[in-house]
Novice: 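One structure, pasted below without further comment.
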There are 2 protein chains.
Amino acid sequence: MGSKKILLVEDDPNFGTVLKDYLALHDYNITHAKDGIEGLIEFKNNDFDLCILDVMMPRKDGFSLAADIRSTNKEIPIIFLTAKTMKEDVLKGYQVGADDYLNKPFDSEVLLFKIKAILQRKESDSNKESDEFEFNIGKFFFNSKLRHLSFDGGENQKLSPKESKLLKMLAVHKNDLMPRELALTKIWRDDNYFTSRSMDVYIAKLRKYLKSDEKVEILNIHGEGFRLVEN
Amino acid sequence: MGSKKILLVEDDPNFGTVLKDYLALHDYNITHAKDGIEGLIEFKNNDFDLCILDVMMPRKDGFSLAADIRSTNKEIPIIFLTAKTMKEDVLKGYQVGADDYLNKPFDSEVLLFKIKAILQRKESDSNKESDEFEFNIGKFFFNSKLRHLSFDGGENQKLSPKESKLLKMLAVHKNDLMPRELALTKIWRDDNYFTSRSMDVYIAKLRKYLKSDEKVEILNIHGEGFRLVEN
DNA sequence: TGAGTTTTTAAGGATTTTTTAAGAAAATTA
DNA sequence: TAATTTTCTTAAAAAATCCTTAAAAACTCA
């Protein structure tokens, strides 16, 4: 399982540090960002299970950050922290897609329970992550951990990290649709025009590697994603 | 879609009635139970989308009721209402599996947003791969997710998004009327002269794909819609 | 019959995908 | 640290796919 990764975005250094330590003490793996901009950068560079966002922050407030986070990940739970008990804030929070809301000062134990409850909820839903790393694809043998692709009587093709992750994701969904969006959000951590182009480049590379077995194909499903088929 | 069914369990008759009317006004289908026992009976006799439970109640309190509800349904969202701001209560609520928590007096609009947020969350979860995507149509096998149509000994015909959605809708209504208006509002998102022409173009395409099995036909019902028949 | 509805083909424009190539960034090696 | 290699992104043009619109012919129903 491993400890859950939480992104904490809080500009008050005292409060933020205390909260970070408190949560770390309870076996959560906390990344503490000092403002919204830093928070967004951390979010894009990591794979978090939960976000805790202060609402009032310099440079980029919690709502704006949440909106950016939601634009690349519609699933990740978000908890807002706020000093004011303003109705508009609460409503805005829920509109952005908050999973919960806490008014400062709050009881830290309550926060802990909320975190636990929310993570449990998500747990039961999404257990699609695969830790398999050995795949048979037509005549090929693919090891995603060692990042190599081989076949009897052929060279051992080494794959780059991105090549390997993409092929793994295709292999996990073998003969089924691998949505473009899934690969972009999970591997490229962002779903936009450029990452999408980049992904296409990698699909082309993989096709080249797999070319020598004409039973194996990576088909495109226009507007949806790709499909690794084995005839 | 239909309006969402909510179970409201609240022993205070004044507050309960007002809340019921308020929620009913916002297009929710409310069942109001006066205490925990009655609430449990209602729960077992109906199919609710959400529960709103008062904590302090005679005969059977909200936590006990929630535990009973959870024992038969681990998915249904539960919101607790409480007069006291007692930490123990909040913790207990989350332990039982609360989705949210509101202290009385609360702003009704906030409750409305919480309900909306929670139901949306469930919506997006359950809609992941809820509905069918594999159909048999005469000699054909149709997969609407992979957007292809195949039959033994024949090529694999790829379908465009619109072709696939339309054929799926016909297949769902197989041997029955698929109203023209339904396809236009659901697939084309607009019902006017041009979308209707466009739909006819797609019906023609589907007929071409299905031509090789003369047992399969798409019939027009003048002024009504179409019917996919399998003789 | 004649007005409205359906069927079909085809052209165009918009969007998405594919591919090659160049250069920036990161990692590795000397 | 500098040089080299590998990895990844960006750019851009060509190809493929998708959808709408148009228009003419066929059909249906009153």
Side-chain angles (χ1 to χ4, degrees), chain A residues 41 44-45 144 146-149 155-170 177-211 217-229, chain B residues 144 146-149 155-170 177-184 186-211 217-229:
Chain A
I41 292 168
K44 296 212 169 181
N45 290 328
S144 64
L146 300 176
R147 301 210 315 258
H148 69 199
L149 182 69
E155 285 282 295
N156 196 345
Q157 174 64 54
K158 292 205 269 184
L159 301 182
S160 80
K162 280 239 163 55
E163 288 169 350
S164 183
K165 280 186 195 167
L166 183 58
L167 183 55
K168 176 182 174 180
M169 191 168 278
L170 285 164
L177 171 69
M178 180 207 68
R180 181 181 276 275
E181 194 206 332
L182 181 69
L184 290 175
T185 54
K186 293 276 176 192
I187 301 175
W188 273 264
R189 326 218 118 271
D190 198 3
D191 180 355
N192 62 41
Y193 174 80
F194 293 111
T195 53
S196 203
R197 263 350 81 240
S198 186
M199 173 173 164
D200 287 336
V201 170
Y202 277 82
I203 290 288
K205 292 179 186 200
L206 293 181
R207 282 186 174 131
K208 208 166 280 179
Y209 294 147
L210 299 171
K211 199 167 47 185
E217 273 179 298
I218 298 176
L219 301 180
N220 173 255
I221 299 177
H222 199 99
E224 298 286 336
F226 294 90
R227 189 156 82 97
L228 175 66
V229 294
Chain B
S144 65
L146 300 178
R147 298 211 317 255
H148 70 200
L149 182 69
E155 284 285 295
N156 197 344
Q157 175 62 54
K158 293 207 270 183
L159 302 182
S160 81
K162 280 240 163 52
E163 290 168 352
S164 183
K165 281 184 194 165
L166 183 58
L167 182 54
K168 177 180 174 180
M169 191 169 278
L170 286 164
L177 171 69
M178 181 206 68
R180 181 182 277 274
E181 193 208 333
L182 181 68
L184 289 175
K186 292 277 176 192
I187 301 174
W188 274 264
R189 324 213 120 269
D190 195 5
D191 180 355
N192 62 40
Y193 173 80
F194 291 113
T195 54
S196 202
R197 260 353 78 237
S198 188
M199 173 172 163
D200 288 336
V201 170
Y202 278 83
I203 291 287
K205 292 180 185 199
L206 293 181
R207 282 185 174 131
K208 203 169 283 179
Y209 295 147
L210 299 171
K211 200 167 46 185
E217 274 178 299
I218 298 176
L219 302 181
N220 174 254
I221 299 174
H222 198 95
E224 299 286 335
F226 296 90
R227 192 156 81 93
L228 175 66
V229 295

Novice: Can you measure L219(B) atom CG to dC27(D) atom P for me and round it to whole angstrom units?
Specialist: 15 Å

Novice: For the residue pair K208(B) and L206(B), establish whether any side-chain heavy-atom pair is separated by less than 4.5 Å.
Specialist: no

Novice: So if I take every side-chain heavy atom of R207(A) and compare against dT18(C), dT20(C), dT6(C), which nucleotide ends up nearest?
Specialist: dT18(C)

Novice: Quick one: are R180(A) and D200(A) in side-chain contact, heavy atoms under 4.5 Å?
Specialist: yes

Novice: CD of E163(B) versus P of dT20(D): gap in Å, rounded?
Specialist: 12 Å

Novice: For Y193(A), report the nucleic acid contact type (base, sugar-phosphate, nothing); a contact means any heavy atom under 4.0 Å.
Specialist: nothing

Novice: Less than 4.5 Å apart, side chain to side chain, heavy atoms only: is that true for L146(B) and R227(A)?
Specialist: yes

Novice: Which of residues 198-206 of chain A have a heavy atom under 4.0 Å from DNA chain C?
Specialist: D200(A), V201(A)

Novice: Looking at W188(B), I'd like to know whether one of its side-chain N or O atoms comes within less than 4.0 Å of OP1 or OP2 on dC19(D).
Specialist: no

Novice: Of the nucleotides dT7(C), dT6(C), dT18(C), which has the atom closest to the R180(B) side chain?
Specialist: dT6(C)

Novice: Let me know the distance between CG of L166(A) and C1' of dT18(C), rounded to the nearest Å.
Specialist: 15 Å

Novice: Is there a side-chain contact between K208(A) and the phosphate of dT19(C), meaning an N or O under 4.0 Å from OP1 or OP2?
Specialist: no

Novice: Checking S160(A) side chain against E163(A) main chain: does a donor-acceptor pair fall under 3.5 Å?
Specialist: yes

Novice: Considering the terminal five base pairs at each end of the helix from dT1(C)-dA30(D) to dA30(C)-dT1(D), what angle separates the two local helix axes, rounded to 10°?
Specialist: 30°

Novice: Supply the atom-to-atom distance D191(B) CG to M199(B) CE, rounded to the nearest 0.5 angstrom.
Specialist: 9.5 Å

Novice: Can you confirm if the NZ or CZ of R197(A) lies within 45° of the ring axis of Y193(A) and under 6.0 Å from the centre of its six-membered ring?
Specialist: yes

Novice: May I ask you to evaluate whether S196(A) reaches the phosphate of dT16(C), defined as a side-chain N or O under 4.0 Å from OP1 or OP2?
Specialist: no

Novice: How many angstroms lie between atom CZ of F194(B) and atom CG of L184(B), to the nearest 0.5 angstrom?
Specialist: 13.5 Å

Novice: Which of the following nucleotides, dT16(C), dT6(C), dT7(D), is nearest to the side chain of H222(A)?
Specialist: dT16(C)

Novice: NZ of K158(A) versus P of dT28(C): gap in Å, rounded?
Specialist: 11 Å

Novice: Whole angstrom is fine here: how far is it from CG in L184(B) over to P in dT6(C)?
Specialist: 10 Å

Novice: Side chains of L167(B) and Y202(B): closer than 4.5 Å at any heavy-atom pair?
Specialist: no

Novice: Checking the side chain of S164(A) only, and the main-chain atoms of P161(A) only, is there a donor and an acceptor separated by less than 3.5 Å?
Specialist: no

Novice: Within the pair K162(A) and dT9(D), is there a side-chain N or O less than 4.0 Å away from OP1 or OP2?
Specialist: yes

Novice: D191(B) has an atom CG; how far is it from atom P of dT20(D), in whole Å?
Specialist: 14 Å

Novice: How would you label the contact of R197(B) with the nucleic acid (heavy atoms, under 4.0 Å): base, sugar-phosphate, or nothing?
Specialist: base

Novice: Rounded off to whole Å, could you give me the CG-to-C1' distance for the N192(B) and dT5(C) pair?
Specialist: 15 Å

Novice: Rounded to the nearest Å, what distance is computed from the CZ atom of residue R147(A) to the P atom of nucleotide dT7(D)?
Specialist: 7 Å

Novice: Can you see whether W188(A) has K162(A) sitting over its ring - NZ or CZ less than 6.0 Å from the centre and within 45° of the normal?
Specialist: yes

